[in-house]
Amino acid sequence: MSRTSASAATVEKDAEPQGSMSIEGVILDIDYAAINGKVVIRVTVKGLDGKTYDLMDDDFKPYFYFVPSGEADSDSILKMSTNDMGRKITPVKVEEDEKSFFGRPTKLFRVYMETPSDIPKFSSYMMRYGKCYEYDIPFSRRYGIDKDVTPLHVYRFSASKTPDYIKLNGMSFLNEIGELNLNTLWFDIEVYNPLEVPRENVDPIIMLSYKYVSGGKEGEGVITFKKIDRPFVEVVKDETALINRFVEIVNQHDIDVISGYNSANFDIRYMIARAKALGIDFNLSRGYGDTRIERHGLVDKVKIGGRVHVDMYLVIKFVSVVGAAEHLLKLNSYTLKNVYEAISDDKKISVEKKSIWKLWDGSIEDLELLAEYNLNDSYALMKVYNTFMPIMIELSRTTGNVLSDVSVSTTGQLVEYLLMRYARRYNEVIPNKPSEYEIEDRLKNPIIGAYVKTPDPGIYEHLAIFDFRGLYPSIIISHNIDPSTLCTDCKDYFESPTGARFDKNRKGISPMILELLINQRKEVKKAYKKDPNNIFLGSRSQALKITANSFYGYLGYARSRWYSRDCASSVTAWGRQYIAKTIEEAEKAGLKVIYGDTDSIVVLLGNKTDEEALAFMRAFNASLPGAMELELEDFFVRAVFVGKKHEKDPAGAKKKYAMLSTSGRIKIRGFELVRRDWSRIARDTQRNVLEAILKEGSAEKAANIVKEVVQRLRSGTVPLGELAISTQLRKSIDKYDSKSPELSAAKKAVEAGVKSKDEVEHAVISYVITSHGGSVSDKAELEEMAKDYDADYYINSQVMPAVMKILKELNYNEDELKNLGKQKKL
DNA sequence: GATAGCCGGGG
DNA sequence: GTGTACGGCTATC
């Protein structure tokens, strides 16, 4: 290492090193740039020497595969061309190749194009002459697949200096490491918001806080342009200077990872918009590239050239969905405050978002509070990052996705990339993404889940939930379940309870990868036991589990390249047999199973102790094959189950329950109304009803709460603030074809001169349904304009839908709750 | 019964 | 950008 890092360390930015270089480091990111009209892959490497390198591979060309339906040879394909806005698009090279396609040997042509963007254009033209494959794989991912490289593990890179850039000539795997010393910065902006929703072209960024670690040093600060007498505050001239100063700090500390909270959707987006409005450049990139926002499926992804952006809000949602964050189990809303307070003993400094602009316009004390709040947000973010990022890092290493992709991906996308890498390694054609038509078709025919036992709706006490998540991976492995092993005429096969057959003599890619993941996890767990403070081992174990557990979902995910109904339904069918066994064993141990489905059971402990329940779990686990493991999710004091199995949604039952854990927190699933487009009275009443049931165990008390609310509503005395419903208009009011209450309220406000058109554009409309008018929209008025309210609307369309989800299954009917409310009044 | 539109996080 | 969202819900037609 001394030789290589010594030579790497001599490479200064301004120096002109001669000849070849050898660099040891980890891959932070892979993207591409056009340099002198040439498409070049950039591998951003963090050297073990602490420096960062842009290594450019200019020898990698975009390509796709073509299987002609008739006769064709390389020369004839090379001569083909199509037009794109007057530009001729034609291959630059064509090679013959042979690959396996779902187990069948297939001859195909590899068609190279000049630029990545020509691939979709030319392949869609070629589809009229045959079948095309691998035309929908983003160029930088293609590179990662073909080079078979894993980010964040140590490689030795050989490179050489050219006049334009450092050229990457090759890389070889060296070793795995745990902790990465990445220069990391956490930040948060505050924005002037007199209309509540800040307007990008008008409302300035007034403060920006940051914390960083870089090269072992730490720092923090708040940048603003009003004088605030606090040691951490740096006062600059104006908003432009604030933005520029931030870019300067990022450069000065050579930041590798920039992290925010909801920063893709807000902070970075807002900074880009403000820079545009101010007419200044805003670019956080290092080396090539700009700072922009790309759509990445469900979420927006921030792309910063040469650096990694991580939006912790997306990370939090990810780890919550996959169940990798016990701290967050009971959260219904993932605000930074909620998340921070769930992982720490501190409270976060809290400020009402609506009044941030007032603090800015207020007293010296107000300004100081705002600055402290701003800095505290970056601090809280850093804590949240340090708690949850190790899992993301290990997921990157496990699946091969670059770090900036992990947190914006679903588990299905992570698994898909892993499968694509293995497909390439085993010379398998990567199947195409399904068409929208196919997706629709798949969605219409959902895979039958392994539904076992529906709960009788009601209130239960003293329970435990056990989670059985290793079940499906081990079923896939032990029966060699894979789209490529499905067979009708093979001799040796596993036959699933659905009748599907899986060839025993040809190993499928999914079972093979799963086996590797599970064996790795065994090793990691062993090492972790010896070194329990090593969070990287703990996180790696989690990452391996998350990845393994995602394979089944991927088989049945409608957008999957390797979707297979037969495979997915075979997995669940076999799963039913195992869960039945689990239930049987639990009951033998004296635990009543009130509910169970594909991968979890809820047991009534009765007079058994928690320790006895754990003893059952351990004994049962000992009887299972290695990969399978029943785990405890939590113990609960009380629970209300109201979910009901539905013909159309057999899994629906598991989604509707509320539980009070032994630690006193409430976990609500399936009927949350923690949304601003429900009135506070509906949200509060639902919450009060659940709390009455969970904390006092009484459905009657809950019903009385509803009756009182109905009575209060009828009496006309409920303050309008409790009745306001907030919905944001996403476009200007003239651009809607449809009618809706929020739109109607906004239009009336404009007509009455209460609001200008500008003020309601993209604004959150807070409205009340009044008693005047026909349809709901006719009755909608801005909260500040409303004089009364429509009690029937709030009873029938707000409170009742919210509470009946719970009380209906506890044998209360709507009329009873409403009529009794009336009687009481009489 | 189908369709349009919004929420989530942030300020 | 070798691209284009999820699942649930309401109001409207």
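Computed from a prediction, not measured in an experiment: that's the story for all the values here. Chain A is the first sequence line, chain B the second, and so forth, proteins listed ahead of strands; every chain is numbered from 1.
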Contact class for Leu336(A) vs. all strands (heavy atom < 4.0 Å): base, sugar-phosphate, or nothing?
sugar-phosphate
Name the nucleic acid region contacted by Val197(A), choosing base, sugar-phosphate or nothing; use a 4.0 angstrom heavy-atom cut-off, strictly under.
base
Using a heavy-atom cut-off of under 4.0 Å over every strand shown, decide if Phe139(A) touches base, sugar-phosphate, or nothing.
base
So Tyr557(A), base contact, sugar-phosphate only, or nothing? Heavy-atom distance under 4.0 Å.
sugar-phosphate
Within the 4.0 Å heavy-atom criterion, would you say Lys433(A) contacts the bases, only the backbone, or no part of the nucleic acid?
sugar-phosphate
What's Asp377(A) touching, base or sugar-phosphate or nothing? Going by heavy atoms closer than 4.0 Å.
sugar-phosphate
Kindly say whether Asp778(A) contributes a backbone atom to a donor-acceptor pair with the side chain of Lys748(A) at under 3.5 angstrom?
yes
Has the side chain of Asn265(A) got a donor or acceptor atom sitting under 3.5 Å from an opposite partner on the base of dG9(B)?
yes
Using the P atom as the point on both nucleotides, what is the distance between dG3(C) and dG8(B), in whole Å?
31 Å
Reckon Lys731(A) touches a base, only the sugar-phosphate, or nothing at all at heavy-atom distances under 4.0 Å?
sugar-phosphate
Using a 4.0 Å heavy-atom cut-off, does Asp267(A) contact any base of the nucleic acid, only the sugar-phosphate backbone, or nothing at all?
nothing
Using a heavy-atom cut-off of 4.0 Å across all strands, would you classify Tyr65(A) as base, sugar-phosphate, or nothing?
nothing
If the C1' atom of dC6(C) is compared with that of dG9(B), how far apart are they to the nearest Å?
16 Å
Does a side-chain N or O of Arg559(A) approach OP1 or OP2 of dC6(C) to a distance below 4.0 Å, or not?
yes
Just call it for Ile356(A): base, sugar-phosphate, or nothing, with non-hydrogen atoms closer than 4.0 Å on any strand.
sugar-phosphate
Ser775(A) near the nucleic acid: base, sugar-phosphate alone, or nothing, with a heavy-atom cut-off under 4.0 Å?
sugar-phosphate
In terms of the nearest nucleotide of DNA chain B, which residue is placed more toward the 5' end: Tyr736(A) or Val764(A)?
Tyr736(A)
Hey, does the side chain of Tyr767(A) come within less than 4.0 Å of dA11(C)'s phosphate (OP1/OP2), counting only N and O?
no
Any base atoms under 4.0 Å from Ser738(A), or only sugar-phosphate, or nothing? Heavy atoms, all strands.
sugar-phosphate
Classify Tyr63(A) by what it touches in the nucleic acid, base, sugar-phosphate, or nothing, heavy-atom distance under 4.0 Å.
base
Identify whether any heavy atom of Pro120(A) sits under 4.0 Å from a base atom; if not, whether one sits that close to sugar-phosphate; answer base, sugar-phosphate or nothing.
sugar-phosphate
Hey, is the side chain of Thr410(A) poking within less than 4.0 Å of OP1 or OP2 on dC6(C), counting only N and O atoms?
no
Can you tell me if the side-chain N/O atoms of Tyr373(A) get under 4.0 Å from OP1 or OP2 in dG11(B)?
yes
